[in-house]
2 protein chains.
Amino acid sequence: MARPRTALLSRDIIGRAAIELVESGHELQLVPLAKRLGVSVSSLYHHVDGRDGVIHAMREVLVVEYVTPVPAADGWEDAIRREVELMWRMYADHPRVLQLMLTVVIDEPGALRFYSTLTDALDRAGLPDDEILSTIEVIDAFSFGAALDALSPDTILQSERTSGKLASLLPRRATGAVRNREVFDRGLDLIIAGISARVREARDGPKSPSRDPGRQGGLRG
Amino acid sequence: MARPRTALLSRDIIGRAAIELVESGHELQLVPLAKRLGVSVSSLYHHVDGRDGVIHAMREVLVVEYVTPVPAADGWEDAIRREVELMWRMYADHPRVLQLMLTVVIDEPGALRFYSTLTDALDRAGLPDDEILSTIEVIDAFSFGAALDALSPDTILQSERTSGKLASLLPRRATGAVRNREVFDRGLDLIIAGISARVREARDGPKSPSRDPGRQGGLRG
DNA sequence: ACCTGAACACCGTTCAAGT
DNA sequence: ACCTGAACACCGTTCAAGT
């Protein structure tokens, strides 16, 4: 067979098969990928630019699937929660794909909407202009890190080697997807609460700092 | 030469050379690593269990270097800041190494102290027991994500394609290491402020929730 | 115990050849 | 335009041989 009248492959088909392959615990390798598609390895190169091209195709599939229109929210908090929830689901459902994307520069589509929605929400919340972008990046970095947390084993610490308060807490800890979701929810709650506090602080004027002025105010790294 | 009277290699030597190799922008490959060490590839296997073993050796080097004793802090906030700063420096100084560690299960030494220090600090702060571990994981996930942020290119968005508030903010944004440090500082400030708010909320009793009770309280994922 | 060189299976990529 | 099989350079790993 050469040049079938209806194409066997496409970026989309390759991307989906690659996601399946990786998410089922295998390495991203072209040989197993081609076998899974019933095709020879060199055929892939007609649709995709090598292994990195496959990674891009994987991302395109996920973006189409996850970056859907989101209903407008009433408050800034909800706007943030809805937008981040979407990004989070994409990350958390496919942590192994996420890991691969680290190795390739991504020309991020979808990031545009993420950034502008969050910009408007934080602006509406009353956050000072010069803190908006870094705050968005905090949210993004956290979602990212929390999703990758899903790849780490459940028991980083064996409770035998611990003592004190920590030892008493470890046995009660959730595991797997439940723990992972807990971490995400907790983090988003904390960050949003932190933003609220920061907004209040900025509104009440910089002349009444709530903390020791030598310590607070960040960004003098 | 075979069996020299003073060993040419050791886990430490291999780990350090591998960190240099990776941090200078190369892939982690045994052939270049061996060449850099003036040794044949198969020699590495006498000290380290293959490529994954090299990654473990890299981590051991970093832990020895970064996980140093930390002076006791007065307040819980400072305790957290000092401990996290250490972990962060290790991550942020070696993002490429960090990325490699994702692919290998790490039997985390050093994590023990990190967890117990933060446990005690959060306990001292007055955070409810059942929120302590997930809060620690939030801090860890964030540090992790913020460090990996250093690997992403400076301009995810070209300012030509944006509009509105976002477009006006983009040109003023810091880049590179400065931006990266900003994100870390901002995030830690927000999370600590969030913890403070949560502690206050828990102290004042669950009967006076500060937010819409249908929305707050997280963790019903 | 520690280093070497050769051998092995496997990988990603290229390319001329087929329709 | 799309698929194939062969060829190529390279990778990680193993192992018998040397001291």
Side-chain angles (χ1 to χ4, degrees), chain A residues 1-60 96-97 99-106, chain B residues 1-60 96-97 99-106:
Chain A
M1 175 222 315
R3 171 82 161 128
R5 51 177 52 247
T6 140
L8 298 175
L9 295 178
S10 71
R11 293 183 66 81
D12 189 69
I13 291 174
I14 294 174
R16 289 184 193 282
I19 291 172
E20 274 181 40
L21 183 74
V22 166
E23 222 62 57
S24 69
H26 300 86
E27 299 276 291
L28 177 61
Q29 293 177 158
L30 301 192
V31 177
L33 179 61
K35 173 169 272 178
R36 188 176 268 249
L37 286 163
V39 120
S40 91
V41 180
S42 50
S43 301
L44 300 171
Y45 284 79
H46 292 276
H47 300 267
V48 134
D49 189 12
R51 210 187 94 109
D52 284 359
V54 174
I55 297 176
H56 275 100
M58 295 166 86
R59 194 192 155 81
E60 284 163 31
R96 297 192 130 86
V97 180
Q99 183 179 346
L100 283 171
M101 296 192 214
L102 278 178
T103 67
V104 156
V105 177
I106 296 289
Chain B
M1 175 221 316
R3 171 85 160 125
R5 51 177 52 247
T6 141
L8 297 176
L9 294 178
S10 71
R11 292 184 66 81
D12 189 70
I13 292 174
I14 293 174
R16 289 184 192 282
I19 291 173
E20 275 181 38
L21 183 73
V22 166
E23 222 63 57
S24 69
H26 300 86
E27 299 276 292
L28 177 61
Q29 292 175 159
L30 300 192
V31 176
L33 179 61
K35 173 169 271 176
R36 188 177 269 247
L37 287 163
V39 118
S40 91
V41 180
S42 50
S43 300
L44 300 171
Y45 284 79
H46 292 276
H47 301 266
V48 134
D49 189 11
R51 210 187 94 110
D52 283 0
V54 174
I55 298 176
H56 275 100
M58 296 167 86
R59 195 193 153 81
E60 284 163 31
R96 296 192 130 86
V97 179
Q99 183 179 346
L100 283 171
M101 295 193 214
L102 278 178
T103 67
V104 156
V105 176
I106 296 289

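All heavy atoms count here, side chains included; hydrogens, waters and symmetry mates do not. Throughout, protein chains are lettered first and strands after them, A, B, ... in sequence-line order, and every chain is numbered starting at 1.
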What's B:V39 touching, base or sugar-phosphate or nothing? Going by heavy atoms closer than 4.0 Å.
sugar-phosphate
Given atom CD1 of A:I13 and atom C1' of D:dC2, what is their separation to the nearest angstrom?
13 Å
Reckon A:H47 has a side-chain N or O less than 4.0 Å from the OP1 or OP2 of D:dC3?
yes
Report the nucleotide, chosen from D:dG12, D:dC2, C:dG12, that has the shortest atom-to-atom distance to any side-chain atom of A:Q29.
C:dG12
Starting at CG of B:L44 and ending at P of C:dG5, how long is that distance when rounded to a whole Å?
13 Å
Rounded interatomic separation in angstrom, taking CG from A:L28 and P from C:dC11:
12 Å
Provide, to the nearest angstrom, the distance between the OH atom belonging to B:Y45 and the P atom belonging to D:dA16.
16 Å
Minimum-distance nucleotide to B:V31 side chain [options: C:dT4, D:dG12, C:dG12]:
D:dG12
Can you work out whether A:D49 or A:P32 has the more 5'-proximal nearest nucleotide on DNA chain C?
A:P32
Between C1' on D:dC11 and NE2 on B:H26, what's the gap in Å once rounded to a whole number?
16 Å
Nearest to the side chain of B:S42 - C:dC3, C:dG12, D:dC15?
D:dC15
B:K35 NZ to C:dC3 P, in whole Å, measures 19 Å
Value in whole Å for how far the P atom of C:dA16 lies from NE2 of A:H46:
13 Å
B:M58 CE to B:M101 CE distance, which is reported to the nearest 0.5 Å
7.0 Å
Using a cut-off of 4.0 Å on non-hydrogen atoms, how would the nucleic acid contact of B:L37 be classed: base, sugar-phosphate, or nothing?
nothing
Would you say C:dT4 has OP1 or OP2 under 4.0 Å from some side-chain N or O of B:S40?
yes
Measure from the side chain of B:P4, starting at C-beta and using heavy atoms only, and say which of C:dC3, D:dG12, D:dT4 lies closest.
C:dC3
Rounding to a whole Å, what distance do you find between B:L33:CG and C:dC3:P?
13 Å
Scan every strand shown for a Watson-Crick or G-U wobble partner of D:dA1, both distances under 3.5 Å, and answer none if you come up empty.
C:dT19
For residues 14-31 of chain A, the salt bridge (charged side-chain N to carboxylate O under 4.0 Å, His left out) pairs (sequence neighbours left out) are A:D12-A:R16, A:E20-A:R36
Could you please spell out the steps behind the side chain to side chain contact (heavy atoms under 4.5 Å, CB included) verdict for A:S43 and A:L9?
CA-CA 8 Å; A:S43 301; A:L9 295 178; 3.9 Å; yes
Around atom CG of B:D52, are there more than 12 heavy atoms of other residues, nucleotides or ligands at under 6.0 Å?
yes
Any donor-acceptor pair under 3.5 Å linking the side chain of B:R51 with the backbone of B:L28?
yes
Winner on side-chain proximity to A:R51, out of D:dC3, C:dC3, C:dG12, is C:dG12
Once you apply the 3.5 Å cut-off to both distances, tell me the Watson-Crick or G-U wobble partner of D:dT13, or none.
C:dA7
